[in-house]
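Worksheet: one structure, shown below.
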Amino acid sequence: MYIFKAGVIGAGTMGAEIAQVISYSGLPVVLKDVDQAMLERGLTRIRDIYQRRVDKGKMSAGEMENRLALIEPTLAYDSLSDADLVIEAVPERMDLKKRIFAELDAVCPETTIFASNTSALSISEMGAATKRPAKMIGMHFFNPAHVMKLMEVIPGLDTAQETVDDVVSFAESLRKIPVVVQECPGFLVNRLLMPYLNEATFCLQEGAADAQTIDRALTEFGMPMGPFTLMDMLGIDVCGDVGLYLYSEYGERMAPAGLFHKLIAANRLGEKAGAGFYGYGNESDEPVKAMIAEMQHTNGVRTNTPFCVERLVYPLINEAALCRQERIAGIADIDMAMVAGTGMTWHGERMGPLALADHLGLDTVLAGLEEYQSAAWGGERFRPARLLKLKVRAGHLGRKVGKGFHEYTG
Ligand code: 3HC
């Protein structure tokens, strides 16, 4: 089915950026919110993105106006009655999402595809709450949505193959890279990213290194931005919610660092709030240092644990191995998703976590995980994936022997 008209529910940062991406591809898109002020903020965000393209000489002012004219802002559902696809991008509350899909069920034809931009919640559960579970799917964009190339496409248990095919073609028409991911909490990229971001936060709260040092080490390693800059961009509340959800689903290996809770309680929600791990404008990061000192003195948080990039990167690689073990996605797709979704590189080359493990040596990664698992400050967060152990036992050690997660010739 070709998508002639799309809708986006929720004009927050993500919803607005998704509407911009759709309009940029030349398709009409309805942007719906319940709040006029929110709608206007969303439209301003879209105009700003286009304006930057005009300023960079990549688009004429006339073209910008033509694309902007494709966006129909509204507070009502009426304009969605002929939409072929509607993407929900509202806050991460299952009850809210279910209510929106029930309202959409009443106005949209039965052929309309319902998609959710949820970062982690169950697509199958949302589908079951609609009259069209075969037409329900996850379409997960990455932040900033107008820049990042990846779109995770997540079928639920009852999603029809036709719906998957339609959404994959639609993603390509938006010039995104679709990667089909089996449903699991956090899907693929957030599931891999969270242990890495969480470990950075453990390092910080345990005084292993300060935020600037950790950020610098990870950008030197090959990440486009350090973990704290990234979390401040994503929102500490978003990271905290995803972290708690993954903890509730996966247990101890995803136990979140206590500092998330402290930052959220202090309303340091990241760049959007003017303060997160770092301070922006007139704010500084001194209050975070004070929080850490207090946690170390009164909450029994460990101090002076070691910092090295491997402490952050190995859990990410390990989670990638677990995803492969559970057949959440293929090896090439896991690597592609991390490259297109987070901009991972190594030594100047775009490289996903499984290829990276091959380069580092699977035996080296396994030995590191085992060492951290047995350390007093480590534990379950580092328990090695069975698949990683199996590969090392079988001698699939990576690039140096021509075979690891990938195979190498020459
Ligand atoms: N917030 C919002 N937009 C930002 C930003 C920020 N902090 N930093 C940069 N951008 C935008 C810029 O405005 C620019 O937009 P434009 O093309 O409209 O002018 C665009 O990104 C490119 O910026 P730059 O030219 O400055 O390019 P950089 O080389 O600095 O790259 C980046 C910026 C693309 C954000 C790069 O640092 C990157 O890839 N970072 C990693 C981002 C990432 O990992 N995202 C995925 C997070 S997980 C997620 O989103 C899932 C969700 O469910 C939580």
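Order of listing sets the numbers, starting from 1, for every ligand and every atom in it.
- Among the candidates Lys131, Arg132, Lys135, the single residue satisfying the salt bridge (Lys or Arg N to Asp or Glu O under 4.0 Å) test with Asp105 is Arg132.
- Checking atom 52 (C) of ligand 1 against the protein gives a heavy-atom contact under 4.0 Å.
- Ring planes of Phe187 and His140: perpendicular class, angle over 60° (limits at 30 and 60°).
- Under the 4.0 Å distance rule, the nearest protein heavy atom to atom 40 (N) of ligand 1 falls inside the cut-off.
- The pair Lys97-Glu92 meets the salt-bridge criterion, with a side-chain N (NZ, NE, NH1 or NH2) lying under 4.0 Å from an Asp/Glu carboxylate O.
- For Met148, every heavy-atom contact with ligand 1 shorter than 4.0 Å involves the side chain, none the backbone.
- Using 4.0 Å as the threshold, Gly343 has no heavy atom nearer than that to any atom of ligand 1.
- Cation-pi check for Arg381 over Phe202 is met; the charged atom lies under 6.0 angstrom from the ring centroid and within 45 degrees of its normal.
- Under a cutoff of 6.0 Å and an axis angle of 45°, Lys403 and Tyr408 do not form a cation-pi pair.
- When Arg52, Lys56, Arg53 are ranked by how near their heavy atoms come to atom 17 (O) of ligand 1, first place goes to Lys56.
- Evaluated by nearest non-hydrogen atom to atom 54 (C) of ligand 1, the leading choice among Asn143, Val147, Asn190 is Asn190.
- For atom 31 (O) of ligand 1, the nearest protein heavy atom lies 4.0 Å or farther away.
- The protein atom (non-hydrogen) at minimum distance from atom 7 (N) of ligand 1 is Glu271 OE1, 3.0 Å.
- Note on Glu326 versus Arg191: salt bridge recorded, some NZ/NE/NH1/NH2 to OD/OE distance being below 4.0 Å.
- Using the six-membered ring where Trp is involved, Tyr24 and Tyr50 have ring planes that are tilted, between 30° and 60° apart.
- Taking a cutoff of 4.0 Å between a charged side-chain nitrogen and a carboxylate oxygen, Asp95 and Arg99 do not qualify as a salt bridge.
- For the pair Met223 and ligand 1, no heavy-atom separation below 4.0 Å is found.
- The shell of residues lying under 4.0 angstrom from ligand 1, judged by heavy atoms, excludes Val189.
- Of all the listed residues (Gly226, Pro224, Ala340), Pro224 holds the heavy atom that lies closest to atom 38 (C) of ligand 1.
- Among protein heavy atoms, the minimum distance from atom 44 (O) of ligand 1 is reached at Thr342 CA, 3.4 Å.
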